[in-house]
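Counting begins at 1 with the first residue of the sequence.
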Amino acid sequence: MELEGMWWKGQLAADIHQTLRYKELKLPSYKGQSPQLNLRRYFADLIAIVSNRFKLCPTARHLAVYLLDLFMDRYDISIQQLHIVALSCLLLASKFEDKEDRVPKLEQLNSLGCMTNMNLVLTKQNLLHMELLLLETFEWNLCLPTPAHFIEYYLSIAVHDTDLHDGWPMICLEKTKIYMAKYADYFLEVSLQDHMFLKYVPSLVAAASVAASRIILRLSPSWPMRLHRLTVYAWDILVPCIERLLIAHDNDVKEANKHKNQLSHTAAQCLFPPASPAPPQAHVQQHMPQYLQSQHHQLQFHHSAPQPQSCQQIVTAAHPSAFPLQTCASVIPASIQARGHIQTTASVSLAAVPIEVKPCIGVSYNRSYQVNGHYSCLTQCFDR
């Protein structure tokens, strides 16, 4: 289902959107019962990294992760087989959504670090067998809408010259649209990393990503009537999904700040070395499996996350059409990079799994996070 060109700007945009909304109502059910669910985050990141390496379109990446989720939900798969399944899902999705010259070749997949370090080799026979198994599982239907299929249509009217930034009219509309697109893409990638977002229909996740981006960028109203009419989603319906996205955003910012402080501390140690010559990292790696040492800082999918600033703006979104905003006059540097990691359990042998053991940016969902209360947005300022 490769949608050529900017379909969301064409005359058939409304019809295509309506067709996608109809198809999402018939998506297969997801129960989240995979025995390897704790490894899902790693393989979602693996698909994202490989898709970025081959410059695949976002719809191919999202479809690949969705196929992997559905397949893992129905089968008990070994860790080695999961690598083959994940890459097969990516191949099927790229053949369905992207251009032919971008589809990864067999030798390119075999040259990936995750394959060589696991001593795995894909052959045409086992790849065809896996693709056939996937197609039979999904009854030869790969026309499965994802949030990436809806986002461009919603972004087409996400920013308007009547919107206010910090309560003031916007001077640079095009710059605001650029920020909006970047944040919406970021929130879409956040939704890929947690299977809990699968309980929402894809169009709702896309709409919530736009709404969360407007909150972060301090645009008012948070959910204007034009977006309500286009998406057919009221603000109250979007709030639970928006809360999850904003919690993940906060965790990304905290992780980025922590990483930044560690880099600053490392730089200070380089300038003023301690008396003891043994670095702490070397001591840690002595107890790490050989594969984890070789894969350190590899297979990490980076997202553009907001840069924390010297002031905090408080968004009161109890009424989405108007809220007080505090103006930030400081100049903020470029956006930082936050990392995604996978959580593991004690039942998994880390020596056999190419993962980096670090805290997950995943959300603590038992925490009360009210969008209709006071949300402290950590976002960079830009000229109105």
Next on the checklist: Show, in sequence, the C-alpha distance, side-chain angles and deciding distance for Leu133 and Phe71, and conclude whether the side chain to side chain contact (heavy atoms under 4.5 Å, CB included) test is met.
Outcome noted: CA-CA 10 Å; Leu133 179 59; Phe71 195 78; 3.7 Å; yes
Item to check | CG-CG distance between Leu25 and Leu20, expressed to the nearest 0.5 angstrom | outcome: 11.0 Å
Checklist entry - Under 3.5 Å, is there a donor-acceptor pair between the His62 and Thr59 side chains? => result no
Item to check | Test item: Pro28 and Leu144 side chains (from C-beta on) under 4.5 Å apart, heavy atoms | outcome: yes
Next on the checklist: Does atom NZ (Lys31) have a neighbourhood of more than 12 heavy atoms from anything else shown, all under 6.0 Å?
Outcome noted: no
Item to check | Shortest non-hydrogen separation from Ser156 to Tyr153 and the atoms involved | outcome: OG-O, 2.5 Å
Next on the checklist: Please give me the minimum heavy-atom distance between Tyr186 and Ala248, naming the atom from each residue.
Outcome noted: OH-O, 3.9 Å
Checklist entry - Arg226 side chain to Ala158 main-chain N or O, any donor-acceptor pair under 3.5 Å? => result yes
Next on the checklist: Any side-chain to backbone donor/acceptor pair from Gln36 onto Ile79? Under 3.5 Å, distance only.
Outcome noted: no
Next on the checklist: What's the separation between atom CG in Leu188 and atom CZ in Phe197, rounded to the nearest 0.5 Å?
Outcome noted: 10.0 Å
Checklist entry - After noting the C-alpha distance and the side-chain angles of Tyr200 and Arg244, does the key distance pass the side chain to side chain donor-acceptor pair (under 3.5 Å) rule? => result CA-CA 11 Å; Tyr200 306 108; Arg244 290 186 182 274; 3.3 Å; yes
Item to check | Same cluster (ILVMFWY, side-chain, under 4.5 Å), Ile237 and Leu227 | outcome: yes
Item to check | Shortest non-hydrogen contact from Asp73 toward Ser34 | outcome: OD1-N, 3.8 Å
Checklist entry - Does the side chain of His17 pick up a donor-acceptor pair with the side chain of Tyr154 at under 3.5 Å? => result yes
Item to check | Under 3.5 Å: donor-acceptor pair, side chain of Asp194, backbone of Met196 | outcome: yes
Next on the checklist: Would you say that Glu97 contacts His149 through its side chain, given a criterion of any heavy-atom pair below 4.5 Å between the two side chains?
Outcome noted: yes
Checklist outcome for this item: d(Cys241 SG, Lys199 NZ) to nearest 0.5 Å is 9.0 Å
Checklist entry - Have Ser203 and Tyr233 got a donor and an acceptor in their side chains that come within less than 3.5 Å? => result yes
Next on the checklist: Between Leu92 and Phe96, does the side chain to side chain contact (heavy atoms under 4.5 Å, CB included) criterion hold? Intermediate values first, please.
Outcome noted: CA-CA 6 Å; Leu92 278 181; Phe96 191 72; over 6 Å; no
Checklist entry - How about Gln108: does its CD atom have over 12 heavy atoms from other parts shown lying under 6.0 Å from it? => result yes
Item to check | Path from Val121 to Leu127 over hydrophobic side-chain contacts below 4.5 Å | outcome: no
Next on the checklist: Take a 6.0 Å sphere around CD of Glu139 and say whether it holds more than 12 heavy atoms from other residues, nucleotides or ligands.
Outcome noted: no
Checklist entry - Taking the side chain as C-beta and beyond, is there a heavy-atom pair between Glu24 and Phe150 under 4.5 Å? => result yes
Checklist entry - Do you know which two heavy atoms are closest between Asp161 and Leu173, and how far apart they sit? => result N-CD1, 4.0 Å
Checklist entry - Salt bridge or not for Arg214 and Asp163, using N-O below 4.0 Å? => result yes
Next on the checklist: Between Val85 and Leu67, is there a side-chain heavy-atom distance shorter than 4.5 Å?
Outcome noted: no
Next on the checklist: Do Tyr66 and Leu192 have side chains that approach each other closer than 4.5 Å (heavy atoms only, starting at C-beta)?
Outcome noted: no
Checklist entry - Do the non-hydrogen side-chain atoms of Thr123 and Asn126 ever get within less than 4.5 Å of each other? => result yes
Item to check | Intermediate values then yes/no, side chain to side chain contact (heavy atoms under 4.5 Å, CB included), Arg41 and Asp45 | outcome: CA-CA 6 Å; Arg41 177 66 174 274; Asp45 284 349; 3.9 Å; yes
Checklist entry - Nearest heavy-atom pair of Thr176 and Val159: which atoms, and what distance? => result CG2-CG1, 3.9 Å
Checklist entry - Hey, any chance Leu27 and Val232 share a hydrophobic cluster, counting ILVMFWY side chains that come within less than 4.5 Å of each other, even indirectly? => result no
Item to check | Reported NE2-to-CE distance for the pair His160 and Met170, which is rounded to 0.5 angstrom | outcome: 9.0 Å
Next on the checklist: Do Leu91 and Trp140 sit in one hydrophobic cluster, given that two such residues count as connected whenever their side-chain heavy atoms are within less than 4.5 Å of each other, even indirectly?
Outcome noted: yes
Item to check | Glu100 and Lys95: CA distance, side-chain angles, deciding distance, salt bridge (charged side-chain N to carboxylate O under 4.0 Å, His left out) verdict | outcome: CA-CA 7 Å; Glu100 184 178 358; Lys95 292 175 182 178; over 6 Å; no
Checklist entry - Do the side chains of Leu128 and Leu135 join up, straight or via other hydrophobic residues, at under 4.5 Å, putting them in one cluster? => result no
Checklist outcome for this item: So CG of Leu238 and NE2 of His228: to nearest 0.5 Å the spacing works out to 9.0 Å
Next on the checklist: For the backbone of Ser94 and the side chain of Arg61, can you confirm whether one donor and one acceptor N or O come within less than 3.5 Å of each other?
Outcome noted: no
Next on the checklist: Counting neighbours of CD on Gln33 that are heavy atoms of other residues, nucleotides or ligands and sit closer than 6.0 Å, is the number greater than 12?
Outcome noted: yes
Checklist entry - If you round to the nearest 0.5 Å, how far is CG of Leu155 from OG of Ser213? => result 7.5 Å
Next on the checklist: Could you go through Val205 and Val201, starting from their C-alpha distance and side-chain angles, then the distance that decides it, and tell me whether this counts as side chain to side chain contact (heavy atoms under 4.5 Å, CB included)?
Outcome noted: CA-CA 7 Å; Val205 176; Val201 292; over 6 Å; no
Checklist outcome for this item: In terms of heavy-atom contacts, Ala60 and Ala93 come closest through O-CB, 3.2 Å
Item to check | Flag side-chain contact, heavy atom, 4.5 Å: Ile242 against Leu246 | outcome: yes
Checklist entry - Between Arg40 and Asp69, is any pair of side-chain heavy atoms under 4.5 Å apart? => result yes
